[in-house]
Amino acid sequence: MHIDTVARAGQSPDTSQPYAELGMKDDEYARVRAILGRRPTSAELAIYSVMWSEHCSYKSSKAHLRQFGEKVPASAARTLLVGMGENAGVVDIGQGYAVTFKIESHNHPSYVEPHQGAATGVGGIVRDILTMGARPVAVMDALRFGPVDAPDTRRVLPGVVSGISFYGNCLGLPNIGGELGFDPCYTGNPLVNALCVGVMRHGDIKLAQAPGPGNKVVLFGSRTGPDGIGGASVLASASFDDASQAKRPSVQVGDPFLEKLLIECSLELFAADLVVGIQDLGAAGVSCATTELAAAGTGGMRVALDRVPLRDPRLTPEEILMSESQERMMAVVEPGKLDAFMSVCAKWDILATVIGEVTDVSPEEAERGGRLVMTWHGETVVDLPPRTAADEGPVYQRPYARPGYLDALNADDAVGLPRPVRGAELRGDLLRVLSSPGIADPSWVTSQYDRYVQGNTVLAVPHDAGVVRIDEETGLGIALATDGNGRYTKLDPYTGTQLALAEAYRNVAVTGARPLAVTNCLNFGSPEDPGVMWQFAEAVRGLADGCLELDTPVTGGNVSFYNQTGDTAIHPTPVIGVLGVHDDVSRRIASGFGTAGAAVVLLGETDDEFGGSAWARVVHDHLGGLPPRVDLAAERALGALMAEAARDGLVDAAHDLSDGGLGTALAESVLHGTVGARVVLPGDPFAALFSESAARALVAVRPGREEDFAAACRRHGVPATDLGRTTGTSLVIEGAFADGPIRLSADELRAAYEGRLVADTER
Amino acid sequence: MTARVGVVTFPGSLDDRDAARALRIAGATPVPLWHGDADLRGVDAVVLPGGFSYGDYLRCGAIARFAPIMAEILPPAAAGRLPVLGICNGFQILCESALLPGALTRNSSLHFVCRDQRLRIESTDTAWTGDYRVGDEPLIPLKSGEGGYVADAATLAELTANGRVVARYAGANPNGSADAIAGITNEHGNVVGLMPHPEHAVEELTGPSTDGLPFFTSIMSRLVGTPA
């Protein structure tokens, strides 16, 4: 085999290299040459091309993401044990416990190969959490597809769900919720965002670093195979002209059984204090792990690439560097602890191989960004400063401009749409909204996920947030929700992103949890489109401002660009995850009506707000106007009220108002519980039923605690409107409309709610 | 007075901690057992927990059946001396081991199904169901992809005739199991295989009910007698 060594690179400066095929721009390639003072070897080119890719370097988004470091909420100093930049942020939840959580996209692989794409999305985020030293305790997923009946959706949706089900269930991680949305803009661009949360004691936090010269670099887990290396085959064919290297899968294949062993093995290694640094292998595989570990350590590392265990012995150094084979980890281990490390791996049948060691660097080398040397059967194929690959990638100030179509879109207000007036019309529209994909029962999807494993799931689907018990003795627990509404964000990305944040915050708050911290997955079209870049800039600005005002720091996140087909981008879809804490999880509030005779109270103020609403979409197929107004102070007040109501046992049930408004919330509260309700709509019945004004929730007050709850509402400045009482099994809605009241039996509600998705998805 | 009940962890076991918790809540002392150790550590009974032992590769339970710990479990279990409860993957392992007849196959829906399932208790004459009454309808999570019980007609007839069907699914059959069978026992009544997960229905806070607890109190009653 013909190997492109450093020596050879020095002797053949003019060799043409396929950097453009690897996605590098002319000036990026020139910069690599300037850094090295020569042309890169093909192995070095492999490293720079993946490390400086949009996915790994955040080169288009970095300039905007800096705001999260500039607009830091006051609580960050108190709650953030590890901030952005590590594999995942770490949040102090009290009692000596810390939680790490993160959401990440696997959109493109899930479109190409839905089952494996979604499965490895779960696997990747779980390893990120594990890498922080935490035991993963739950997963969630936020999914968006094209219309339910589109042929593409029928291919992608069942595959994505089976992939998440297959991988997550096999890992023994409860799936505690998420989102399921449908819109034509996601046809050909499904969004598959996977979230994982893990728990550790404060002292157990691990970092991705390689300190201590002489420490061993150990690769453990799966063998490295030729999966997920689209770019490397370009290098291979350009350098070696070898036809056998041609067709290789660019989507990785997951083995959840091996990942389960890797989790247990790693946690045992951590518990025995056998590692000083750890990094999972995800995007960019060995390239990423070695450069990042070295960059965060002494800056020096020496790796023998030929020691990497392979599934296919024909792999070249470039392919090994770029392979995204799943279920691999890299650890830095003190020599004296290597035997113990190896025996833990052997216990779990995990292959572990020393592939290199941490080295010292001279002051001159440190100045250049450290020194990472890799050899292939004794010949040097990589000799580069790792910080230049890991930390000092290009940063672009992409041009951005408000899209020209937006004025017309915002002017096309939903106010002009014909509205239902009579009771029968209101009833009909309510059932249509309730049965629409995205609002209707998601259990065709969620029943394929294990929500019980680990025995700590307190709330999961269909409740507003997932709630997990952390400590059986004290009842300490966490709540998690993700939200994102691409329709709102399309109309106004700044406001739409804040609405997503507000909804996730509210979803956590209505369970009685105190919202603490935020993660995000920002799904957008091409950053090279100034209109998309403007959406992105506005979304990030909205999120940073919103987090500042809600006092919930951003702990990390993920950016997914290029979600578009041709020139048509998806709706900008920031998915925001909020983590909250329950000091005593037994006081959590569920969403279904469970006690007859409870006062049904609407919290917050309702305005006439229909831009981007579910009603406008379902009844009129309309998207226009402006999204609902954001009032983050009102969200905070509502959150504080709900935390107090949970602590003092004032309410039996609480449900956030969002898509579909009060009508949908009332129906769901009946469907998710055991009791019906009789309510009287205040004011304009149409606005009361379908408006999507933010900062609202529906609660059922515990009988006998009405006065206490009303006093709490006044104290927190939360407007409260008595709607009626829980009673019977039906939902009965009265108001200022003709031929009322609207009567909906539980069976009618259930038929509308449960019907659609199953029938359309099962072929 | 307590009983020591082993919970085996195979590579890929998932509900082992949950089973141990349920045993603890029932008053037993759970004892972790490792698949690779040919040592029962003096336990009085054994739970084979749910999960995907060995990734469910080849066939669910087919590889776990050959683990060193199974060589210790099989003879006393087959002889009626050692009570064994196999839950989900554990049930599959018991069938692969031929401690119980029949097999578990892909759900009729072809999907993994996780749901709160009502069962009907058919036999209380086992080591694990003595604290129920026949006709009880506990609500217990079912979560499996290969939960469809199959056996030949003669076996099914024999199971029913001899009271060896421990529980059936009440209402709609969730996975296509023959005769709606959710759990069966051996001729001695000491070995029970159950597809649903009673260990997930032992606390109000985390389960749909606490209806699963009698599976674990039953073994306590059997081993140490009913507390006064």
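The sequence lines fix the lettering, A, B, ..., with proteins before strands; numbering per chain opens at 1.
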Find the distance between [atom1] ([X]) and [atom2] ([Y]) and round it off to the nearest 0.5 Å.
| X | Y | atom1 | atom2 | result |
| --- | --- | --- | --- | --- |
| Phe52(B) | Lys260(A) | CZ | NZ | 11.0 Å |
| Ser447(A) | Leu142(B) | OG | CG | 10.5 Å |
| Asn169(A) | Cys114(B) | CG | SG | 8.0 Å |
| His111(B) | Trp444(A) | NE2 | CH2 | 4.5 Å |
| Tyr452(A) | Lys143(B) | OH | NZ | 10.0 Å |

What parts of residues 585-593 of chain A touch chain B if we use heavy atoms and a cut-off under 4.5 Å? Val585(A), Ser586(A), Arg588(A)
Among the options Asp450(A), Asp255(A), Leu171(A), pick out the one with the most heavy-atom pairs lying under 4.5 Å from chain B. Asp450(A)
Most chain B-contacting option - heavy-atom pairs closer than 4.5 Å, from Cys170(A), Ser165(A), Ser162(A): Cys170(A)
Is the ring pair Tyr54(B)/Phe257(A) parallel, tilted or perpendicular, if the boundaries are 30 and 60 degrees? tilted
Nearest heavy-atom neighbours spanning Gln454(A) and His200(B): N-CE1, 4.4 Å
Val458(A) to Thr206(B) - nearest heavy-atom pair and separation: CG2-CG2, 4.4 Å
All pairs passing salt bridge (charged side-chain N to carboxylate O under 4.0 Å, His left out) where residues 460-479 of chain A contributes a residue, at least two apart: Arg469(A)-Glu203(B), Glu472(A)-Arg21(B)
Of all of Gly145(B), Pro208(B), Gly36(B), Gly51(B), which one pairs up most often with chain A through heavy atoms under 4.5 Å apart? Pro208(B)
Please enumerate all residues that pass ring-ring contact (aromatic ring centres under 6.0 Å, His included) together with Tyr167(A), with sequence neighbours excluded. none
Side chain / backbone / both / neither for Asn89(B) at chain A, heavy atoms under 4.5 Å: neither
Taking heavy atoms only and a threshold strictly under 4.5 Å, list by residue number the residues of residues 8-16 of chain B that touch chain A; give 'none' if the list is empty. Pro11(B), Gly12(B), Ser13(B), Leu14(B), Asp15(B)
